[in-house]
K.L.:
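Attaching a single structure in structure tokens format; questions to follow.
One-based numbering along the sequence shown. Any value given below was found using the heavy atoms of this structure, including those in side chains, with hydrogens, waters and symmetry copies removed.
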Amino acid sequence: MALLIGVPGETAAGEKRVATVPEVVEKLVKLGFKVAVQSGAGAASNFDDETYRTAGAEVVGGAAELWGKSDIVFKVRAPSPAEVALMREGGTLVGFVWPAQNPELMQQLAAKKATVLAIDSLPRQLSRAQKMDALTSMAGISGYRAVIEAANAFGRFFNGQVTAAGKVPPAKVFIAGAGVAGLAAIGTAANLGAIVRANDTRAEVADQVVSLGGEFVKVDYEEEGSGGGGYAKVMSEGFQAAQRAMYAKQAREVDIIITTALIPGKPAPKLITAEMVRTMKPGSVIVDMAAEQGGNCELTEPGQAVVKHGVTIIGYTDLASRLARQSSTLYSNNLLRLTEELCKTKDGVIDVNFDDDAIRGLTVIKEGTVTWPPPPIKLPAAPPKPAAAAMPAAPKGHGHGASEPMSAKSLATVFGIGAVLFLLVGLYAPASFLSHFTVFVLACFVGYMVVWNVTPSLHTPLMSVTNAISSIIAIGALIQVAPPLTASAAGAAVNRPNALILGLAVVALVLTAVNMFGGFAVTRRMLAMFRK
């Protein structure tokens, strides 16, 4: 029997997202499920009830009715105690739960004999789990929105300008943490024209920062900071001291600081002290994206934007919700991909399979039994490195390997032998051979210069070379098809090619034309892939 998926309205203050959008409702129905949506659940995300009805969902008037009749409940925020009380016994809940931070909620859900799939507990190190990774989806939106909030609170342009009224320097932005949210913030700030700097405990993200237009600021302390699963780990006291010194320096220099540092299951680390805030320039802005977990700045007030020591400190906990339609769409797609994994038979029934590492990782309660934390995932062992190829033995009597350049003495010997051969050809070869040989040598030189000096403007280097060769072949073929006319004394044309040469020339023209025009066609298709 097909299960009913219920989508209640979010009750958390300021939350505008909805767990499922009409476009996804249609796909859930195709998987065999029935879908019910609480009336007005999508209103804040600009999805009205009629749109849900058109997509195939039932619109239910009240929360109590929806929770009571739903076999599976899709939510964004963790449910409140009142919502847990409405949940039917033995039901399934899918959404953000944060089991480490909500032990009481876990006990309440276990008492309901519920099965709970916490989307925040998804093992992100599994490549196949990326399509279900709602944390990444929401972090990307939050990083973008953090820059927009900073720009709104900042008193100047982000990009530098020179106008008749004066010069405006570009804003300097420092981003603490280069995870998904940090990288989104880096790209957005750089696109707005700011000078962007960023830091992260994971050295491997430095290239990503630079590729987005930022400058990676390294802490003068060697320690690996990757904690697995896309998160950073708690660093040593020595590293933290060096990091604080670097942050203090950046606070004095930049206009905007955006902090994103979080460690799963722990309060947000304090990176920006009150003293650092005092040293910032008046009118500066701090956007603390970790405010919901206590904040990376000592002066952050979660959920509020406050001004302290002349610095605006933004501690909003609903950055993703401030782009409600976009975030709801991405989040509902993540839940759809999860549902497809749970219902591979497309019969409207889910199977919480603990043999699947992704499903096991995000299942924190199964039929009333707390199964969190999950056992460590056994990742496949890295393939053994191939044995280094043995170096080729050096030729006997020489101390150089085969790949080393020719010595000056050997090069002079080769050129001397070549000169002697050319002298012998000049002295003893027939005049006609010498003429043809000279043309051959010059043709090789000119051909080399013509072909290899072609600039690959719109093609790959290989395609440029082949087009250059094709062009030379086409010119030769044209000369054979229409040779220059040499008039005899009687005015009759001579030097007409015979049928075989004419036929080969025509074939060469056809093949080279196909190669050249095909190259341009392929290039146009390649360029079209990169156009927006």
Side-chain angles (χ1 to χ4, degrees), residues 139-200 208-217 245-261 271-291 295-323 326:
I141 294 174
S142 298
Y144 171 87
R145 184 68 191 196
V147 177
I148 302 303
E149 294 292 343
N152 181 57
F154 189 49
R156 293 204 323 261
F157 302 132
F158 263 42
N159 62 321
Q161 297 186 16
V162 178
T163 69
K167 181 179 178 181
V168 180
K172 294 180 180 178
V173 180
F174 177 70
I175 296 171
V180 176
L183 292 174
I186 291 167
T188 305
N191 289 337
L192 289 175
I195 297 173
V196 184
R197 304 168 185 170
N199 168 262
D200 197 280
Q208 299 177 49
V209 171
V210 173
S211 70
L212 290 170
E215 173 193 352
F216 188 78
V217 182
M246 182 270 290
Y247 283 152
K249 181 177 182 292
Q250 294 299 322
R252 292 191 297 269
E253 296 178 359
V254 302
D255 303 298
I256 295 168
I257 295 177
I258 298 175
T259 65
T260 70
L271 305 179
I272 307 299
T273 65
E275 182 57 33
M276 293 180 195
V277 176
R278 290 190 188 95
T279 64
M280 294 181 72
K281 292 175 282 190
S284 298
V285 179
I286 296 174
V287 181
D288 193 339
M289 296 184 62
N296 295 137
C297 177
E298 287 183 348
L299 302 181
T300 296
E301 295 184 13
Q304 304 294 323
V306 296
V307 178
K308 296 184 179 181
H309 307 297
V311 178
T312 302
I313 303 173
I314 298 173
Y316 296 149
T317 58
D318 60 347
L319 289 171
S321 184
R322 289 171 180 253
L323 291 169
Q326 181 70 77

K.L.:
Taking A176's backbone N and O only, do any of them form a donor-acceptor pair with T260's side chain (distance below 3.5 Å, no angle check)?
P.N.:
yes
K.L.:
Please give me the minimum heavy-atom distance between A184 and G140, naming the atom from each residue.
P.N.:
CB-O, 3.4 Å
K.L.:
Going by the side chain to side chain donor-acceptor pair (under 3.5 Å) test, which pairs reach into residues 296-313, not counting sequence neighbours?
P.N.:
T259-N296, D288-T300, E301-K308
K.L.:
If the condition is side chain to side chain donor-acceptor pair (under 3.5 Å), which residues does E275 pass it with, not counting sequence neighbours?
P.N.:
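Side chain to side chain donor-acceptor pair (under 3.5 Å) check on E275 returns R278.
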K.L.:
For residues K249 and V217, determine if any side-chain heavy atom of one lies less than 4.5 Å from a side-chain heavy atom of the other.
P.N.:
no
K.L.:
What are the two closest heavy atoms between A291 and G315, and how far apart are they?
P.N.:
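Looking at all heavy atoms of both residues, the closest pair is CB-O, 3.2 Å.
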K.L.:
So how far is it from K281 NZ to R252 CZ, rounded to the nearest 0.5 Å?
P.N.:
12.0 Å
K.L.:
Of all residues at least two apart in sequence or in a different chain, which pass the side chain to side chain donor-acceptor pair (under 3.5 Å) check with T188?
P.N.:
none
K.L.:
Determine which pairs satisfy salt bridge (charged side-chain N to carboxylate O under 4.0 Å, His left out) with at least one residue from residues 152-173, sequence neighbours left out, and list them in order.
P.N.:
R156-D255
K.L.:
Give the minimum heavy-atom separation between C297 and I286, together with the two atoms involved.
P.N.:
SG-CD1, 4.3 Å
K.L.:
Report the C-alpha distance between I186 and V209 in whole Å, list the side-chain angles of each, state the deciding distance to 0.1 Å, and finish with yes or no for side-chain contact (heavy atoms from CB on, under 4.5 Å).
P.N.:
CA-CA 7 Å; I186 291 167; V209 171; 3.9 Å; yes
K.L.:
Among residues at least two apart in sequence or on other chains, which ones pass side chain to side chain donor-acceptor pair (under 3.5 Å) with Q208?
P.N.:
none
K.L.:
Using side-chain contact (heavy atoms from CB on, under 4.5 Å) as the criterion, list what pairs up with S142, not counting sequence neighbours.
P.N.:
M289, L319, A320
K.L.:
Rounded at 0.5 Å granularity, tell me how far CG in L299 sits from CD1 in I313.
P.N.:
4.5 Å
K.L.:
Is the shortest side-chain heavy-atom distance between I314 and V285 below 4.5 Å?
P.N.:
yes
K.L.:
Are side-chain heavy atoms of V287 and Y316 found at a separation under 4.5 Å?
P.N.:
no
K.L.:
Identify the two heavy atoms, one from I258 and one from A185, that lie closest to each other, and give their separation to 0.1 Å.
P.N.:
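Closest approach of I258 to A185, heavy atoms only: CD1-CB, 4.4 Å.
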K.L.:
Which residues satisfy the side-chain contact (heavy atoms from CB on, under 4.5 Å) test with N159, sequence neighbours excluded?
P.N.:
F157, Q161
K.L.:
Can you give me every donor-acceptor pair (side chain of residues 189-198, partner residue at least two apart or in another chain, under 3.5 Å) with its distance?
P.N.:
{"residue": "N191", "atom": "ND2", "partner": "G187", "partner atom": "O", "Å": "3.0"}
{"residue": "R197", "atom": "NH1", "partner": "Q250", "partner atom": "OE1", "Å": "2.9"}
{"residue": "R197", "atom": "NH1", "partner": "E253", "partner atom": "OE1", "Å": "2.8"}

K.L.:
Which pairs with one or both residues in residues 145-154 pass salt bridge (charged side-chain N to carboxylate O under 4.0 Å, His left out), sequence neighbours excluded?
P.N.:
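Of all non-adjacent pairs touching residues 145-154, those that pass salt bridge (charged side-chain N to carboxylate O under 4.0 Å, His left out) are R145-E149, E149-R322.
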K.L.:
Do you know the tightest heavy-atom contact between I256 and A150?
P.N.:
CG2-CB, 3.9 Å
K.L.:
Any salt bridge (charged side-chain N to carboxylate O under 4.0 Å, His left out) involving residues 173-186? Give me the pairs, sequence neighbours left out, ordered by first then second residue.
P.N.:
none
K.L.:
Going by the rule side chain to side chain donor-acceptor pair (under 3.5 Å), which residues pair with Y247 if we only count those two or more places apart in sequence or in a different chain?
P.N.:
N199, Q243
